[in-house]
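Small disclaimer: the values here were computed from a predicted structure and weren't measured. We count ligands from 1, going down the list as the structure has it; atoms in each ligand are counted the same way. Nothing fancy with the numbering, it's 1 onward along the sequence.
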Amino acid sequence: MKRYIEMWSSGVGSWAAAKRRVAAVGVEPITLLFTDTLIEDEDNYRFLIEGAANILGASLPRQFVPPIDSFPPIWEPEARALFLRGLAAETMELLPGFVWLIEGRNPWQVFFDERFLGNSRVDPCSRILKRQLADRWLAENCDPAATVVDVGIDWSEAHRFDDGAGGGVRPRRGADGWVYEAPLTEAPFLTKRDVFRLVAAAGLRRPRLYDEGHSHANCGGWCIKAGHAQAANLLRNRPEIYRYHEGQELAIRAHLEADVSMMTDRRGGGGKRPLTMRALRERIEAGGQIDMFDWGGCGCFSGVPE
Ligand code: SF4
């Protein structure tokens, strides 16, 4: 029997992709696979667990999901990793079709270890914490000839799945014999609003990051591929999370002794220049102009530059 591995990101897209697959083949051949960067929003972990139970047709004991304020904050990475390892183990015991992988570092720890700050084109965080971790698990646990791997990419981001020029998750993994599919790139085409409706109809509450205006609910509303608009949104809704990432960016600049940043500035002509999170915050606080159309994007599993 063919096996279906659903790359489950804790957002609504991969939930909808997995639901579509379950509707087509039933729940028996389904395995959900989550790779944890340890800095997902606490409410994403709630949706991750409740959404997994929903996809797998399982029920959760009352109060199984820990309250948001019981999670150690992202600026206590060791305590948070320990907490999430425990939660992952309990969840997998309860939901045998759910695999929750933890490499053990968060994106900033990866950047320091790799001596490289990720950006919109080069993403060591998702390469190491997500793609390589998932690829290793697949190699150790699945037969490529009898496995289909589904990702939650939808029709509006189909270039991340296959850009027609050798980029994207399908050609990248196809080169090694793996079959990847993206159920939401196929008709009937769903908008994000349609997916929200499906989530609600299933009795689930979407992750709160969407309510704060984020289109991708990954890495707690932050991402090294974030544009000015996403960063400004994070600053508006989660100033303490913004300050944490701002501090980490300043720390790695000092560590590398290099003028690097995740974002860039194009103001005044002359091409792109580094724009730190601190500089962007100070510009916003001073009432200066930022590019409110530059949302950037997250393509953890595609490896395609934004
Ligand atoms: S969401 Fe962004 S920061 Fe997080 S792992 Fe993916 S690329 Fe890296």
Q: Report yes or no: is the cationic atom of Arg173 (NZ for Lys, CZ for Arg) closer than 6.0 Å to the six-membered ring centre of Tyr180, at no more than 45° off its axis?
A: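 Output no; distance or angle outside limits.
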Q: Applying a 4.0 Å heavy-atom criterion (strictly less than), which segment of Cys219 is in contact with ligand 1: side chain, backbone, both, or neither?
A: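 For Cys219, only side-chain atoms sit under 4.0 Å from ligand 1.
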Q: Any sub-3.5 Å donor-acceptor pair from Asn54's side-chain atoms to Glu50's backbone N or O?
A: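 It does not hold such a pair.
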Q: Holding to side-chain contact (heavy atoms from CB on, under 4.5 Å), I want the full list of residues that pass it with Pro77, two or more places apart in sequence or in another chain.
A: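 Asn106, Gln109.
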Q: Suppose I only count heavy atoms of Ile224 and a 4.0 Å limit; which atoms of ligand 1 are within that range?
A: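 Reading through ligand 1 atom by atom, the close ones are 2 (Fe), 3 (S), 8 (Fe).
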Q: Using heavy-atom distances, let me know which of Ser9, Ser120, Cys125, Pro124 sits nearest atom 8 (Fe) of ligand 1.
A: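 The residue whose heavy atom sits nearest atom 8 (Fe) of ligand 1 is Cys125.
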Q: Flag the pair Trp8 / Phe47 as yes when their ring centroid distance falls below 6.0 Å, and as no otherwise.
A: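 Yes; Phe47 has its ring centre under 6.0 Å from that of Trp8.
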Q: Would you mind listing which atoms of ligand 1 come within a distance below 4.0 Å of any non-hydrogen atom of Trp222?
A: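 In order of number, 3 (S).
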Q: What residue pairs, at least two apart or across chains, pass ring-ring contact (aromatic ring centres under 6.0 Å, His included) with a residue in residues 130-152?
A: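 ring-ring contact (aromatic ring centres under 6.0 Å, His included) check on residues 130-152 returns no pairs.
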Q: With heavy atoms of Asn218 as the reference, note each atom of ligand 1 found under 4.0 Å away.
A: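 That gives atoms 1 (S) of ligand 1.
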Q: Between Ala217, Gly221, Ser126, Gly11, flag the one that comes closest to atom 7 (S) of ligand 1 by a heavy atom.
A: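 It is Ser126 whose heavy atom sits nearest to atom 7 (S) of ligand 1.
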Q: Report, in ascending order of atom number, the atoms of ligand 1 lying under 4.0 Å from any heavy atom of Cys223.
A: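 Those of ligand 1 that fall under 4.0 Å from Cys223 are 1 (S), 2 (Fe), 3 (S), 7 (S).
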Q: Let's go through Trp222 and Trp108 carefully: what are the C-alpha distance in whole Å and the side-chain angles of both, what is the deciding distance for ring pair (Phe, Tyr, Trp, His ring centres under 6.0 Å) to 0.1 Å, and is it a yes or a no?
A: CA-CA 12 Å; Trp222 171 83; Trp108 286 107; 5.3 Å; yes
Q: Would Leu129 count as a contact residue for ligand 1, given that I'm defining contact as a non-hydrogen atom of the residue lying under 4.0 Å from a ligand atom?
A: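 No, that is not the case, since the closest heavy atom of the residue is not under 4.0 Å from the ligand.
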